Amino acid sequence: MFAMQTSWKYLWLVATVCLATAASGQAPLDQSDTALQKNVQAIAAAHHGSVALFAKNLKTGETVALQPDRPVQTASVIKLGILYEALEQIREGKAHWDDKLTLNKADQVPGSGLLLFFDTPLPLTLKDALTLMVVMSDNTATNLAMDHIGIPNVNHRLAELGLKDTYLYKKVFTANPPGVVMPDDQKKFGLGKTTAREMAGLMTKIATCDLAEDGAPARDTDGALCAVALHMLHVQFYRNAIPRYLDGMKGATGDSIANKTGSLDAVRNDVATVSTKNGLVVISCFTFENTDHSWGTEQEGELTIAKISREIIQSWSPQGLAAWPASAASTQAPKP
């Protein structure tokens, strides 16, 4: 009898919530888009490799996902975690945009970026390093930023945010200091690990300027702080994945997309917030175990991400893109 009463109470509660949601004209906070899900699955099935995805319309609550909680290699997408920690340290007065850094010959590492080719010693600011880290994915600049804000601080912040599978292991192309022992899974993931869902959450916090701790008020300076970080993401140099087809859509402007990419031979990743006529959309897409290891403009992993992103935006905002909202606070996503 107790089980039957509990069941009826549960059904009554569900019905009440559904009626209230319908009356308010708002979608549930997380609502799967079934038709879009099928189309995205078809694109992923044609890919020669694996795909992890989590996307959400922050206005309507619609979602679409593929293996959203599978830990994956981040490649340079983990640099979003470094950027977020830098924002929090600047907010707390522990760091400043104009903090002085010095590039020395020993700091220069290979891979993406420009600082590898500059004469040393070279004076820089923390803002310089973060800008190069985001816009050009500069590995040398990334290491300078990590030295300044601290890898343990990044990981502590990520853990505080409740990101259980997002982790920054080490500096780029740099041996670990003596005595530093890497976690057992570092060899599997390399520079960093995450999940599509968790990285979408981190991007959402940056895009909506959600820097305050739960229950704490935002600060008057938060908007200006986030505007600097968002400008870095808006002028992202690498645009062959999420922005590939979106840049040409109706309504697209120079600040419609804020994104950060990551690439390895068998990995192509991109995480973005897209401003559309129907609200902000977060897309977090990772392709891995890719058979295409090429580095040309028709790289399959990037094309797969581009096709998925186009499908999502055309489904959720057929009217196209929009300029970035004037106020980040006005678009802040509700906290769970």
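Side-chain atoms are counted along with the backbone in the values below, which use heavy atoms only and exclude waters and symmetry mates. One is the number of the first residue; the rest follow in order along the sequence. Worth saying up front: this structure is predicted, and the values here are computed from it rather than measured.
Judged by distance alone, with hydrogens and angles left aside, the side-chain atoms of T140 form a donor-acceptor pair with the main-chain N or O of V109 at under 3.5 Å. Put simply, the side chain of N57 gets close to the backbone of N278: a donor and an acceptor are under 3.5 Å apart. Between the side chain of D165 and the backbone N or O of T194, no donor-acceptor pair lies under 3.5 Å. Side-chain atoms of D292 come within 3.5 Å of backbone N or O of E300 as a donor-acceptor pair. With Q89 contributing its side chain and K94 its backbone, the two residues share no donor-acceptor pair below 3.5 Å. Counting only distance, with no hydrogens or angles, the side chain of Q67 and the backbone of A52 share no donor-acceptor pair below 3.5 Å. At least one donor-acceptor pair closer than 3.5 Å links the side chain of Q186 to the backbone N or O of G190. Using a distance-only test at 3.5 Å, with no hydrogens or angles considered, no donor-acceptor pair links the side chain of D138 to the main chain of M133. No donor-acceptor distance shorter than 3.5 angstrom exists from the side chain of E198 to the backbone of D69, with no hydrogens or angles considered. Looking at Q108, its side chain does come within 3.5 Å of a backbone N or O of L115 through a donor-acceptor pair.
Seen from the ring of W316, R310 does not count as a face-on cation partner, given the 6.0 Å and 45° thresholds.
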Please walk me through it: do R239 and D247 pass salt bridge (Lys or Arg N to Asp or Glu O under 4.0 Å)? CA-CA 9 Å; R239 310 194 70 80; D247 276 339; 2.8 Å; yes

Could you go through Y169 and D185, starting from their C-alpha distance and side-chain angles, then the distance that decides it, and tell me whether this counts as side-chain hydrogen bond (donor to acceptor under 3.5 Å, both in side chains)? CA-CA 10 Å; Y169 292 99; D185 59 359; 2.8 Å; yes

For the pair R157 and E92, evaluate salt bridge (Lys or Arg N to Asp or Glu O under 4.0 Å) and give the outcome as yes or no after the intermediate values. CA-CA 13 Å; R157 186 80 62 179; E92 295 164 0; 3.2 Å; yes

Take E289 and R70, measure what salt bridge (Lys or Arg N to Asp or Glu O under 4.0 Å) needs, and give me the verdict at the end. CA-CA 13 Å; E289 300 171 345; R70 175 173 175 172; 3.3 Å; yes

Test log, rule salt bridge (Lys or Arg N to Asp or Glu O under 4.0 Å), inputs E298 and R268: CA-CA 12 Å; E298 301 301 306; R268 292 295 188 280; over 6 Å; no

Worked verdict on N39 versus E311 for side-chain hydrogen bond (donor to acceptor under 3.5 Å, both in side chains): CA-CA 8 Å; N39 293 339; E311 189 70 30; 3.1 Å; yes

Please report the C-alpha distance between F286 and S50 in whole Å, then the side-chain angles of each, then the deciding distance to 0.1 Å, and finally whether the side chain to side chain contact (heavy atoms under 4.5 Å, CB included) criterion is met. CA-CA 8 Å; F286 296 77; S50 300; over 6 Å; no

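The shortest side-chain heavy-atom distance between I90 and H96 does not fall under the 4.5 Å cut-off. In this structure, K79 and V134 have side chains that are not in contact, with every pair of non-hydrogen atoms separated by 4.5 Å or more. Residues N104 and D107 have side chains in contact (heavy-atom distance under 4.5 Å, counting atoms from C-beta outward). A heavy-atom distance below 4.5 Å is not found between the side chains of F54 and L66. Taking the side chain as every heavy atom from C-beta outward, T261 and N269 never approach each other to under 4.5 Å. Side chains of V72 and T195 form no contact here, defined as non-hydrogen atoms less than 4.5 Å apart. Considering only heavy atoms from C-beta on, T102 stays 4.5 Å or farther from L124 through its side chain. By the 4.5 Å heavy-atom criterion applied to side chains, L161 and L202 are counted as neighbours.
Hydrophobic cluster membership differs between I313 and Y245, with clusters built from Ile, Leu, Val, Met, Phe, Trp and Tyr side chains linked at under 4.5 angstrom.
For H148, the NE2 atom sits in a packed shell: over 12 heavy atoms of surrounding residues, nucleotides or ligands are nearer than 6.0 Å. Other residues, nucleotides and ligands contribute at most 12 non-hydrogen atoms within 6.0 Å of the NZ atom of K127.
Using bins of under 30°, 30° to 60° and over 60° for the plane-to-plane angle, the ring pair W324/H234 lands in the perpendicular bin.
Summarising the geometry, atom CD1 belonging to I305 is positioned 12.0 Å from atom CD1 belonging to I43; distances are rounded to the nearest 0.5 Å.
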